[in-house]
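This report refers to the structure that appears directly beneath it.
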Amino acid sequence: MNNEIRQEQERLDEVLETINQQIGKIEGETSQRKKEVVNIRKHFWDDLKVNVDTFDDYLETIIGLRQQAQALSVSEGEHRYTSKRLSTLRRMKEAPYFGRIDVTEEGSSLTEHIYIGTSTLTDPSGENFIIYDWRAPISSVYYDYPPGPMEYSTPGGVIKGMLEKKWQYIIKGGVVESMFDTSLTIGDEILQQVLGKGRDKHMHSIVSTIQREQNKIIRNDRGRLLIVQGAAGSGKTSAALQRIAYLLYKNRDKLKADQIILFSPNSMFNNYVSNVLPELGEENMQQVTFQEYLDHRLADSFQVEDPYEQLEFLLTEADAPSYSTRTASIQFKASLRFFEIIKTYRQSLERSGMIFRGVKFRGKTLVSAKQITERFYNTDTTLSFHNKIDKLKEWLGELLDETEKLELKKPWVEEEIEYLSKEDYQKVYSQIQKKRGDTEDSFDDYEQENELLARMIVRKKLKKLRKRIKALQFINIKAIYKQLFDEQIRNEQWKGGNTPAEREICLSTQKMLDEGKLYYEDATPFLLLKELIQGFQTNTSIKYLLVDEAQDYSPFQFEFLKRLFPSARMTVLGDFNQAIFAHASERVNFETLTSLYGMDKTESITLEQSYRSTKQIIEFTRELIPEGHLIKAIDREGEKPLLTQVSSREELHDNIVSKVKDWQSRRYNTIAIICKSAAESAAAFKALSLIKDMKLVQRGTNEYEQGVVVIPAYLAKGIEFDAVIIYDASAQTYGDESLRRLFYTACTRAMHNLQVYSVGEPSPLLLNASADSLLATTN
């Protein structure tokens with residue numbers, strides 16, 4: 001083996017020499033391109049003759065301007081390309097490649113050594129590959145096959161042959177530290193080293209340890225919808241990010257990063273994953289939370305609740321009188337049944353039920369809501385619903401034109417002219433001159449100028465009203481949505497919507513709307529109804545849509561996303577066992593999603609292997625959930641999770657302080673004290689003030705920090721920590737069966753060590769945990 005490592009080091013030295021030569025060459029090119037860009041920008045107008053005296057002169061000026069702009073664009077593009085390549089080469093110096101496959105293609109006696117890394121490297125001629133990008137077609141062999149027969153797809157067809165050997169390397173700082181001859185999996189040795197590392201503040205690329213199941217996710221390019229159900233720690237999110245890198249590589253001539261959007265659970269998670277694509281030399285895709293989208297569309301009209309406010313209410317207000325109604329409302333409004341009710345309701349508005357706002361100007365009604373309603377329903381009945389709204393908008397616009405003419409001679413306009421400040425008067429006068437092309441310093445016709453001033457004043461006053469009409473604000477969507485919950489509509493259209501529970505839902509919804517609030521469960525339905533009435537604001541530029549923590553989205557929300565991004569292929573990733581929101585049914589799954597695009601356009605992949613935690617932690621956490629035995633543990637040894645029962649809060653806090661000090665001495669970079677709710681987190685943070693530099697993670701926290709954090713379980717989703725403390729797993733805190741998934745989510749955040757505390761009797765959720773998987777002690 002030492003001889004093999006020596007030979008590999010000699011090859012690596014040659015590769016590094018090639019990289020250094022290319023770096024030197026590209027540094028010169030990058031510097032030259034930068035000078036060209038600066039020079040063109042500096043002298044952009046110097047070389048351009050601007051002449052608009054005649055049409056020919058004007059045309060010549062336009063052509064010259066386009067040529068200059070094109071020259072600048074080309075130079076900027078070349079500079080971006082060389083800068084990006086230079087950055088990639090510098091990263092490659094640390095570890096140019098991580099794997100090798102020895103392949104003999106069918107019909108050939110020659111065995112090729114294919115080295116695989118994070119980016120392509122060719123020899124100086126550019127014709128021979130020294131390193132293949134991990135996304136190249138042949139690289140899929142490395143992830144998908146053990147030694148033996150293999151095949152891979154290329155644009156020219158399927159290539160078959162034999163995989164003779166497969167090697168993995170650990171290279172650091174340009175030195176081959178070790179190499180492994182692997183078989184079926186991308187190896188345990190390297191995987192153990194990667195998984196055994198301390199966690200830092202960012203997620204990192206996993207290209208050197210991608211498993212076969214993950215590779216299916218990454219390279220899948222069939223159908224409209226890819227559903228990935230994966231156990232906690234199975235690498236769903238990592239695979240999704242590598243998938244984005246793969247798509248950008250495969251479709252580099254027609255796909256840009258800004259045509260991909262990732263819906264993530266919260267803004268802190270966005271920061272956590274922000275490093276992965278740049279590590280692979282790609283730009284980050286667009287990232288947004290569903291709540292950010294809702295706020296963008298609705299915050300001007302309502303005080304919009306976010307999902308964590310909703311969850312906090314459910315976790316802390318179980319004794320509230322409105323609790324059962326609110327829970328039923330959440331589940332009902334997330335259902336496909338409610339989606340269909342809204343569609344039926346919108347269709348009924350073609351016959352009756354539209355509610356409009358009257359149009360007023362300076363306190364006087366120009367047209368009443370009743371007149372608008374009569375006009376809408378008396379318009380040509382052969383027109384479509386949206387055409388009738390367009391006709392209504394045109395009519396109201398014409399009404400404002402007539403109003404403008406009538407108002408010109410009104411006394412208030414004369415008063416406005418008289419009270420114009422010198423500054424405002426000069427401003428209006430300058431605008432008039434500019435429109436007329438005047439160069440003189442004074443008005444020459446009092447009546448004409450007065451008329452122009454009057455027109456400008458009236459138009460300015462009407463401008464906001466015109467804008468509102470153009471935005472269809474004369475339609476009272478809030479009142480129309482509230483009307484959906486009226487008894488008559490409920491009886492006529494809900495098909496069985498007259499139960500006591502549904503009557504209570506209707507009353508509470510209407511009360512909430514009267515207060516100017518929009519609960520989270522109402523936000524998407526309200527927006528859907530608005531879009532169905534006013535026309536959908538679709539985004540056709542997005543080609544790929546990825547939804548992480550998909551179990552937290554309702555069927556209703558997925559139907560909305562499908563309509564919002566009609567040109568996109570969708571990838572959804574989730575874990576039923578972490579479905580912590582109230583709309584999740586008793587046995588949540590993704591079966592309803594197959595109806596989005598149909599079975600023939602939908603593919604599903606299940607990941608059962610968990611990589612995040614030690615074998616001991618996985619063996620414990622899988623006992624917390626139904627069918628947990630299906631989750632496979634990685635063979636990485638560690639300490640058993642520990643359950644410690646204490647008698648008081650004071651004793652709890654003393655224990656936690658001591659445990660944190662112990663873990664810090666063991667060089668754990670990230671330690672999380674996970675609480676059930678934000679309220680419990682705030683109390684714990686205050687009580688544990690002896691822990692130095694501890695941070696409280698709240699709903700608005702944007703950056704994932706290293707060190708010790710106190711965090712609610714629902715904000716920890718998608719993130720992993722070296723060590724986790726469950727703050728209080730007592731029967732009092734986690735006594736309800738509905739909290740099982742939340743508790744499981746909290747426990748599965750731990751990579752290396754898990755400590756569970758209980759003030760008093762432990763939660764019944766721990767009853768299934770065997771003595772083999774959980775050490776229990778009492779202080």
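This one's a predicted model, so the numbers in the text were calculated from it and none came from an experiment. Position 1 is the first residue of the sequence; numbering continues from there.
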Are the side chains of [X] and [Y] in touch, meaning some heavy atoms are under 4.5 Å apart?
X    : Y    : result
Y481 : Y345 : no
L507 : F485 : no
Y553 : V572 : no
T701 : Q698 : yes
P555 : F339 : no
L277 : E283 : no
C675 : V710 : yes

With sequence neighbours left out, what residues match [X] under salt bridge (Lys or Arg N to Asp or Glu O under 4.0 Å)?
X    : value
K511 : E515
K482 : D514
E402 : none

Nearest 0.5 Å, what's the [atom1]-[atom2] distance between [X] and [Y]?
X    : Y    : atom1 : atom2 : value
D522 : S508 : CG    : OG    : 8.0 Å
L315 : Y714 : CG    : OH    : 7.0 Å
K676 : L311 : NZ    : CG    : 10.0 Å

[X] and [Y]: which non-hydrogen atoms are nearest, and at how many Å?
X    : Y    : value
S322 : F313 : OG-CZ, 3.8 Å
L248 : K256 : CD2-C, 3.7 Å
I674 : A716 : CD1-CB, 4.3 Å

Can you list everything that forms a side chain to side chain donor-acceptor pair (under 3.5 Å) with [X]? Sequence neighbours excluded, please.
X    : result
S329 : K333
R699 : D306
S541 : N539
T382 : D380

Name all residues meeting the side-chain contact (heavy atoms from CB on, under 4.5 Å) criterion together with L408; count only those two or more places apart in sequence or in a different chain, and write none if there are none.
->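 A454, R455, V458.
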Using side-chain contact (heavy atoms from CB on, under 4.5 Å) as the criterion, list what pairs up with S301, not counting sequence neighbours.
->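 So S301 forms no side-chain contact (heavy atoms from CB on, under 4.5 Å) with any residue.
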Taking atom types as modelled and ignoring hydrogens, do the side chains of [X] and [Y] form a donor-acceptor contact shorter than 3.5 angstrom?
X    : Y    : result
Q291 : Y520 : no
Q551 : N577 : no
S677 : E680 : no

Check the orientation of [X] and [Y]. Use parallel for under 30°, tilted for 30 to 60°, and perpendicular for over 60°.
X    : Y    : answer
W494 : F332 : tilted
F263 : F565 : perpendicular
F290 : Y293 : tilted

Derivation of the ring pair (Phe, Tyr, Trp, His ring centres under 6.0 Å) call for F526 and F302 = CA-CA 11 Å; F526 179 90; F302 291 100; 5.0 Å; yes
Scan residues 523-550 for pairs that pass salt bridge (charged side-chain N to carboxylate O under 4.0 Å, His left out), counting only residues two or more places apart or in two chains.
->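 Matches after skipping sequence neighbours: R297-E531, E549-K717.
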Provide the full list of salt bridge (charged side-chain N to carboxylate O under 4.0 Å, His left out) pairs with a residue in residues 363-377, sequence neighbours left out, each pair given once.
->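 Matches after skipping sequence neighbours: none remain.
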Determine, for [X] against [Y], whether the closest basic-nitrogen to carboxylate-oxygen distance falls under 4.0 angstrom.
X    : Y    : value
R466 : D401 : yes
R326 : E521 : yes
E502 : R337 : yes

Checking salt bridge (charged side-chain N to carboxylate O under 4.0 Å, His left out) for the pair E305/K517: CA distance, chi angles, key distance, verdict?
-> CA-CA 8 Å; E305 180 188 52; K517 298 176 184 175; over 6 Å; no
Using a cut-off of 6.0 Å, state whether more than 12 heavy atoms not belonging to K388 lie near its atom NZ.
->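 Yes - once you tally the heavy atoms of other residues, nucleotides and ligands closer than 6.0 Å, there are more than 12.
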So does Q286 have more than 12 non-hydrogen atoms from other groups sitting under 6.0 Å from CD?
->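 More than 12 within 6.0 Å, yes.
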Quiz: residues 472-479 side-chain donor-acceptor pairs under 3.5 angstrom, not counting sequence neighbours:
unit_1: Q473; atom_1: OE1; unit_2: R468; atom_2: NE; d: 3.4
unit_1: N476; atom_1: OD1; unit_2: R357; atom_2: NH2; d: 3.4
unit_1: N476; atom_1: OD1; unit_2: A479; atom_2: N; d: 3.1
unit_1: K478; atom_1: NZ; unit_2: L513; atom_2: O; d: 3.0

Using salt bridge (Lys or Arg N to Asp or Glu O under 4.0 Å) as the criterion, point out the one residue from K410, K409, K405 that pairs with E407.
->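 It is K410, the one option of K410, K409, K405 that forms the salt bridge (Lys or Arg N to Asp or Glu O under 4.0 Å) with E407.
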